[in-house]
Amino acid sequence: MTDQAYNFAYLDEDTKRMIRRAILKAIAVPGYQVPFASREMPMPYGWGTGGVQVTAATLLPTDRLKVIDQGADDTTNAVSIRKFFQRTAGVATTERTAEATLIQTRHRIPETPLTEEQILVYQVPIPEPMRFLEPRETETRRIHALADYGLMQVRLYEDIARHGEIATSYAYPVEVACRYVMDPSPIPKFDNPKMNDCPAIQLFGAGREQRIYAVPPYTRVVSLDFDDHPFRASKASHDCAICGASDSYLDEVITDDAGGRMFVCSDTDYCAARAERGE
Amino acid sequence: MNDLSGGFTDPPAQSANAFRAILDAMARPGRIVTLDGLGRGPAPISAAAATVLLTLADRTTKLHLASSHDHVPLRDWIAFHLGAPLVAAEEASFALGSWAALAPLDRFAIGTPEYPDRAATLLVDGHDFDAEPVKLCGPGIRDTAELALPEREAFHRNHARFPLGWDAIFCGGDRLAALPRSTEIA
């Protein structure tokens, strides 16, 4: 079978319409998780089946697609999803954040600030921020209906009681447009402030959990905290070993079995562009 | 024989383009987008409203035709292109009509506290984009935006019950704009 045997962007038009309706309701109620009839995709759950479906329903033939996995364009997940859309949608791709019109991401927000012309699609494993505190869907639904988020404040408080600070370092809960508490997907909390007042449309897709949610542009996104323990966007206190950046999120790379290690930018495009410019 | 022409000639590309325009309008209230690659339906439906229906509605979406648009040629066009079941206002996930014909608005679904997404989307056809604009603020809007609305009070009341409420897409000619329930009328 040739690649042309697939419809544009793999999904059939009925499915895309269903996903598009869910996306529009998600935009209308920022941070609320809209149930959708997630399809089986030709990749396993956990590989971005939700993000891929949102991307497929949003993609234009003229888009320039970028896919990142933990900030990197060249890891297995990013490469395979990029190739998937190259083959089934015939879209142009790029590794440059500034050149992309649609960016699908697993667990990072690019360091380069996003613009109004861009859409950021997040891959989400567990969309329900309260799930590990309350396993029953009926109850979490009521929690959101009543905006009864005290349980989450207690969880953050227990962090402080045990560790002296809020130890949650990724998937750090946020409040969207002064209403819904939302899981920002497992991005490091370093990235949380980038979601606030962002000019780009942010869409979230959870395939296995069958949920789509969204943050419209220029929307207030606040990380939950306490007056005496304000939110801090933390990162490793080093500079990047390759490009020297002091303002980007760093990965720790083990270099030998004798305790050797280095810290490098997690955003490969940001790092490469800086290194190229000789900064 | 009624005229059943005006469907998409290249559905994947045309609906993708139309959806991005609708998404842009819904995500940035106040922005008026001009559609290209339009679908067309029999009068009085505008090209923009026909395009929205072709992009979002199908046999799984219940559609309400307000009296302004409840005519046989349009019913036939909808049956042929969408297959959407035509229903009463209370059951509709989409409602199409002029602003005056869509009233009274309390007939439409506003969702439930547990499922606010189960709310109607109103397609307000024949919208006058050049009328006196009102000031908007809220998600999707940097500082403030402006948009001509058919009236002010109904949208004010609709926003007051956020996260419940219906959402509106205004169509006229080949242009559209949107006002989600999250938008505050300043």
Side-chain angles (χ1 to χ4, degrees), chain A residues 7-9 11-14 16-37 56-63 89 101-102 116 119 138 140-142 144-147 176-180 197 199-203 212 214-221, chain B residues 8 10-29 31 52-61 82-83 93-94 111-121 137-143 145 162-169 178-184:
Chain A
N7 190 27
F8 171 71
L11 293 175
D12 59 276
E13 291 302 304
D14 277 351
K16 282 193 264 180
R17 268 194 296 274
M18 174 271 295
I19 295 171
R20 286 165 179 163
R21 292 191 293 264
I23 292 174
L24 291 178
K25 287 300 175 199
I27 288 283
V29 191
Y32 166 72
Q33 304 159 50
V34 182
F36 81 112
T58 311
L59 203 61
L60 290 178
T62 51
D63 265 330
T101 53
L102 199 151
E116 286 200 1
I119 295 177
T138 48
T140 53
R141 223 161 242 296
R142 187 166 305 159
H144 287 294
L146 301 175
V176 180
C178 305
R179 179 58 179 81
Y180 284 95
D197 210 30
I201 296 172
Q202 301 175 76
L203 304 174
I212 285 171
V215 176
Y218 304 117
T219 297
R220 199 172 133 87
V221 179
Chain B
F8 285 155
D10 180 11
Q14 281 172 294
S15 58
N17 278 301
F19 172 68
R20 278 285 278 273
I22 300 165
L23 175 64
D24 209 26
M26 191 63 90
R28 304 172 199 279
R31 180 172 290 193
V52 172
L53 283 182
L54 288 165
T55 305
L56 297 177
D58 56 30
R59 61 198 180 284
T60 66
T61 56
L82 315 174
S93 40
F94 288 96
T112 65
E114 276 82 14
Y115 292 94
D117 56 301
R118 295 178 182 174
T121 304
C137 58
I141 300 168
R142 182 182 208 170
D143 307 323
F162 182 86
L164 303 186
W166 34 259
D167 309 297
I169 299 177
L179 202 76
R181 64 193 93 163
S182 58
T183 303
E184 199 178 319

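Here is how names work: the chains are called A, B, and so on, in the same order as the sequence lines, proteins then strands, and each is numbered from 1.
- The main-chain N or O of B:E114 is found under 3.5 Å from a side-chain atom of A:R141 such that the two form a donor-acceptor pair.
- Between B:T55 and A:R17, the shortest heavy-atom distance links the atoms O-CG, 2.8 Å.
- In this structure, chain B has a heavy atom under 4.5 Å from the side chain of A:R179, while its backbone stays farther away.
- With a 4.5 Å cut-off on non-hydrogen atoms, B:A178 does not touch chain A at all.
- Between B:P163 and A:Y32 the shortest side-chain heavy-atom distance does not fall below 4.5 Å.
- Using a 4.0 Å cut-off between charged side-chain N and carboxylate O, A:R21 and B:D58 make a salt bridge.
- In this structure, the separation between CG on B:D167 and CD1 on A:I27 is 11.0 Å, given to the nearest 0.5 Å.
- You'll find the side chain of A:L24 reaches within 4.5 Å of the side chain of B:F19, heavy atoms only.
- Taking 4.5 Å as the limit, some side-chain heavy atom of B:F162 sits within range of a side-chain heavy atom of A:P30.
- Your options are B:R118, B:R20, B:R181, and the one with the most heavy-atom pairs under 4.5 Å with chain A is B:R20.
- With a threshold of 4.5 angstrom between heavy atoms, A:L102 approaches chain B through side-chain atoms but not through N, CA, C or O.
- Of the atoms belonging to A:L146, not a single heavy atom falls under 4.5 Å from chain B.
- Using a 4.5 Å cut-off between heavy atoms, B:F94 touches chain A through its side chain atoms alone.
- Ranking A:C178, A:A28, A:P216, A:A9 against chain B, the residue ahead of the rest is A:A28, based on heavy-atom pairs under 4.5 Å.
- Listed options B:G165, B:S182, B:S15 were ranked by heavy-atom pairs under 4.5 angstrom with chain A; first place goes to B:S15.
- Scanning both residues, A:L59 and B:A16, for their nearest heavy atoms gives O-CB, 3.5 Å.
- With a 4.5 angstrom heavy-atom cutoff, A:A57 touches chain B only via backbone atoms.
- Distance check, rounded to the nearest 0.5 Å: CD1 of A:I23 to CE of B:M26 gives 12.0 Å.
- Residue B:T60 touches chain A through its side chain alone, counting heavy-atom pairs closer than 4.5 Å.
- Only the side chain of B:R28 has a heavy atom closer than 4.5 Å to any heavy atom of chain A.
- Heavy atoms closer than 4.5 Å to chain A are found nowhere in B:T183, neither backbone nor side chain.
- Interface check for chain B: of the options A:V34, A:D63, A:V215, the most heavy-atom pairs under 4.5 Å are formed by A:D63.
- Within the 4.5 angstrom heavy-atom criterion, only backbone atoms of B:I141 (N, CA, C, O) approach chain A.
- Across B:P29, B:P113, B:A119, B:A27, the residue that shares the most heavy-atom pairs under 4.5 angstrom with chain A is B:A27.
- A:E116 touches chain B through backbone and side chain together, each having a heavy atom under 4.5 Å away.
- Minimum heavy-atom separation, A:P35 to B:D117: CD-OD2, 3.7 Å.
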